[in-house]
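Here is the structure we will look at, set down as structure tokens.
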Amino acid sequence: MRFAPGKPAPKTRSGRCPALDHAKGKTAKTRAAAQVFGSVRYFDMPLIIVKNDITKMTVDAIVNAASPSLLGGGGVDGCIHRAAGPELLNECRTLGGCETGQAKATGAYNLPCKYVLHTVGPVWRDGRHGEKALLEACYSNSLALAAGMQCRTVAFPLISAGVYGYPADLALRVAVDTVSDFLLRNEMTVYIVIFDKAAYRTDAAVLSELTEYINSRDAAPAAAFYCREQSPKRAELFCQSDCALPDFKLDSELDRRLKEPDESFSQMLMRKIDEKGLTDVQCYKKANIDRKLFSKIRSDKHYRPGKTTAAAFAIALELSAGETEDLLRKAGYALSGSNKFDIIIQYFIDKGQYNVFHINEVLFAFDQPLLGGK
């Protein structure tokens, strides 16, 4: 059954919509489930690249890279049909197929999501036969369909990058650019799901140059990020020490400094947004931060964000290296030459490249945390 973007899902003659009826039983479960990958919760990041099996994603809708018949096939298509069960195929038989670039919706049946959005990607020929426009349409039509069905979380595979032969790095760039453009105007959390990390590729020239840049800095994993990430056990041992703490009286200078602290992270962030001539929405959208997290930061001048969040705002504001250091310092962080995440951020700032979503492609390739809310 096809749904028109922005309109309620149509009903059958019995007055019921199969996909929506099927979803009702999963709504409470889906809303209650926390989307956790490893040890990181990604509620506050609108666009996330993850390594996972898309059939295991607990989201409102997953997108199937379908065949034109919608009757199943190989790759992601086959995996989704097997995981959903035969009822999915039975509903797909009623849809009459799907044209390349278009999208249609069904129920999800045995899958942990509520809906499956089926879209047909282009077969790669040579890049000069409209493949890019058709691939963009796959993402934009699927997102419009999801929005019309009030979906808040959607997971995509890398469409056409399998047996259809679309080069993986180009397919990823189309996915990231199309989704990020949609997110500038809409509130939704979107996952790009990579099943096989070995098949993942981003811009080869950037990766090669960045690898040399990292090697030249002798990057090694940092022991820890400042005191906010200090081991709780270590702090506990300190507190349980047998050493008696002496009486301590503040001198007047220290007392004055404690009463008159410098500008906080939140205050500096709001000032920089004004100086750059951005609206709040423009800033948090560019930073890959959701509205709720931004509201917390704005309303609490003492809010202490994670390092990936602080760095994301620095990139969104297109700050210089010095300004980035100042903003991070307000949150208790710094960029070091011994941490790959830090070096990658420094690399893109040095290059004057401030697209958070493109930087996240590279961070993912190097197994680093992504810029955005955390």
Side-chain angles (χ1 to χ4, degrees), residues 1-10 17-37 42-43 45-50 52-66 70 72 75-85 87-89 91-92 94-95 98 101-121 135-159 175-176 178-180 182-183 185-195 290:
M1 184 172 294
R2 188 170 189 172
F3 299 85
K7 297 182 180 180
C17 169
L20 293 180
D21 282 349
H22 175 75
K24 287 180 181 178
K26 299 189 179 185
T27 302
K29 176 182 176 183
T30 303
R31 287 178 179 171
Q35 194 60 250
V36 179
F37 299 96
Y42 282 117
F43 282 125
M45 196 184 299
L47 174 57
I48 310 104
I49 305 171
V50 297
N52 206 346
D53 179 348
I54 198 167
T55 66
K56 302 295 194 297
M57 297 290 290
T58 307
V59 291
D60 289 335
I62 65 171
V63 177
N64 178 25
L70 300 185
V76 172
D77 193 10
C79 290
I80 289 175
H81 272 270
R82 286 191 294 273
E87 295 87 352
L88 177 60
L89 179 59
E91 186 177 352
C92 284
T94 69
L95 301 182
C98 183
Q102 299 303 307
K104 297 186 178 183
T106 65
Y109 303 98
N110 295 331
L111 291 162
C113 55
K114 293 192 289 184
Y115 308 109
V116 178
L117 310 181
H118 306 264
T119 188
V120 181
L135 187 56
E136 289 170 342
C138 289
Y139 287 98
S140 58
N141 285 331
S142 295
L143 289 166
L145 181 57
M149 298 169 68
Q150 290 77 52
C151 293
R152 299 178 62 187
T153 52
V154 178
F156 283 90
L158 204 54
I159 299 169
V176 168
T178 308
V179 172
S180 60
F182 172 85
L183 292 175
R185 305 181 304 277
N186 298 273
E187 296 291 336
M188 189 181 289
T189 299
V190 179
Y191 301 88
I192 297 175
V193 183
I194 308 296
F195 179 72
D290 82 345

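We use all heavy atoms of the structure for the numbers below, so side chains are in, but hydrogens, waters and symmetry mates are not. Every value quoted in this text rests on a predicted model; they were computed, and no experiment measured them.
- Here the straight-line distance linking atom CZ of Arg82 with atom CG of Asp77 works out to 9.5 Å at 0.5 Å rounding.
- One finds the CG atom of Leu158 at 4.5 Å from the CD1 atom of Ile194 (value rounded to the nearest 0.5 Å).
- To the nearest 0.5 angstrom, Phe195 atom CZ is 8.0 Å from Thr55 atom OG1.
- Summarising the geometry, atom SG belonging to Cys113 is positioned 8.0 Å from atom CD1 belonging to Ile80; distances are rounded to the nearest 0.5 Å.
- Checking side-chain atoms of Asp60 against main-chain N and O of Thr153 turns up a donor-acceptor pair under 3.5 Å.
- The two residues Gly85 and Asn110 come nearest to each other via the heavy atoms CA-ND2, 3.9 Å.
- You'll find the side chain of Leu143 stays beyond 4.5 Å of the side chain of Asn186, heavy atoms only.
- The two residues Asn141 and Gly101 make their nearest non-hydrogen contact at ND2-O, 2.7 Å.
- Between Pro157 and Val193 there is no side-chain heavy-atom pair separated by less than 4.5 Å.
- Closest non-hydrogen pair, Met188 versus Arg152, comes out as CG-O, 3.4 Å.
- Residue Asn64 holds its CG atom at 10.0 Å from SG of Cys98, rounded to the nearest 0.5 Å.
- Distance CZ/Phe156 to CE/Met57: 11.5 Å, rounded to 0.5 Å.
- Phe182 and Ala144 get closest at one heavy-atom pair: CE1-N, 4.4 Å.
- Using modelled atom types, one side-chain atom of Thr119 and one backbone atom of Gln102 make a donor-acceptor pair closer than 3.5 Å.
- The two residues Leu88 and Gly107 make their nearest non-hydrogen contact at CD1-O, 3.6 Å.
- In terms of heavy-atom proximity, Cys151 sits nearest to Tyr115 at SG-CD1, 3.6 Å.
- The side-chain heavy atoms of Thr189 and Asp290, taken from C-beta on, include no pair separated by under 4.5 Å.
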Legend entry - Worked verdict on Ile54 versus Cys79 for side-chain contact (heavy atoms from CB on, under 4.5 Å): CA-CA 9 Å; Ile54 198 167; Cys79 290; over 6 Å; no

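- For the side chain to side chain contact (heavy atoms under 4.5 Å, CB included) test, residues two or more places apart in sequence or in another chain that qualify with Thr178 are Glu136, Tyr139, Ser140, Val174.
- Side chain of Glu91 to backbone of Leu89: no donor-acceptor contact under 3.5 angstrom is found.
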